[in-house]
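Residues: numbered from 1 along the sequence shown.
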Amino acid sequence: KWINNLCRNEPGWMPITVDGFFDDLKTGLVMCKLIERLVPGSDFSKGINQKPRTRQACVANLEKALSVAWRTGVVASHMCSA
């Protein structure tokens, strides 16, 4: 609910459902949207794969979002890992 509420006004936002939670998160697009909303000045309108079809494209999206989070002072050891 929190993610959907935070991102509901984003262009093209499709609400996350319980049934599709994993599939929605694995592309990295949700993380990019969250970072855009939570980190002032971050913009992923260019440079991310909007329709990632491969694992490599999904990982690239996640890495871009995480790199912004790390630059804002988030400590990697405080984050969960795969």
Side-chain angles (χ1 to χ4, degrees):
K1 287 182 180 183
W2 177 76
I3 294 172
N4 286 330
N5 187 45
L6 188 64
C7 297
R8 70 174 180 252
N9 294 326
E10 291 291 320
W13 178 255
M14 298 296 293
I16 295 174
T17 63
V18 172
D19 294 333
F21 187 73
F22 177 75
D23 288 333
D24 291 335
L25 292 179
K26 75 178 180 180
T27 65
L29 294 173
V30 171
M31 174 128 4
C32 289
K33 289 292 182 190
L34 284 173
I35 296 292
E36 277 184 327
R37 300 290 294 166
L38 296 172
V39 178
S42 60
D43 181 15
F44 293 98
S45 60
K46 296 179 184 173
I48 63 168
N49 298 292
Q50 293 292 336
K51 295 183 180 181
R53 291 183 170 84
T54 64
R55 183 178 186 277
Q56 182 179 4
C58 294
V59 169
N61 285 347
L62 290 165
E63 287 176 341
K64 287 177 185 170
L66 289 172
S67 71
V68 172
W70 289 326
R71 279 190 302 233
T72 63
V74 172
V75 179
S77 62
H78 294 167
M79 299 174 74
C80 59
S81 62

Using residues 30-37 as the side-chain source, report each donor-acceptor pair under 3.5 Å to any protein atom, sequence neighbours left out, with the distance given to one decimal.
from, atom 1, to, atom 2, distance (Å)
Glu36, OE2, Phe44, N, 2.7
Arg37, NE, Leu6, O, 3.0
Arg37, NH2, Leu6, O, 3.4

Show me the side-chain donor-acceptor pairs of residues 15-23 shorter than 3.5 Å, one per line, residues at least two apart or across chains.
from, atom 1, to, atom 2, distance (Å)
Thr17, OG1, Gly20, N, 3.1
Asp23, OD1, Lys26, NZ, 3.4

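- Every side chain to side chain contact (heavy atoms under 4.5 Å, CB included) that Glu63 has, sequence neighbours left out, goes to Val59.
- Checked against side chain to side chain contact (heavy atoms under 4.5 Å, CB included), Ala60 has the following partners two or more places apart in sequence or in another chain: Asn49.
- Pairing each heavy atom of Ser42 with each of Val68, the nearest pair is CB-CG1, 4.0 Å.
- The structure places NZ of Lys51 at 11.0 Å from CG of Leu29, a figure rounded to the nearest 0.5 Å.
- Once rounded to the nearest 0.5 Å, the distance linking CG of Leu62 with OG of Ser67 reads 11.0 Å.
- Remark: Asp43 engages Ser45 in a side-chain hydrogen bond (donor to acceptor under 3.5 Å, both in side chains) (not counting sequence neighbours).
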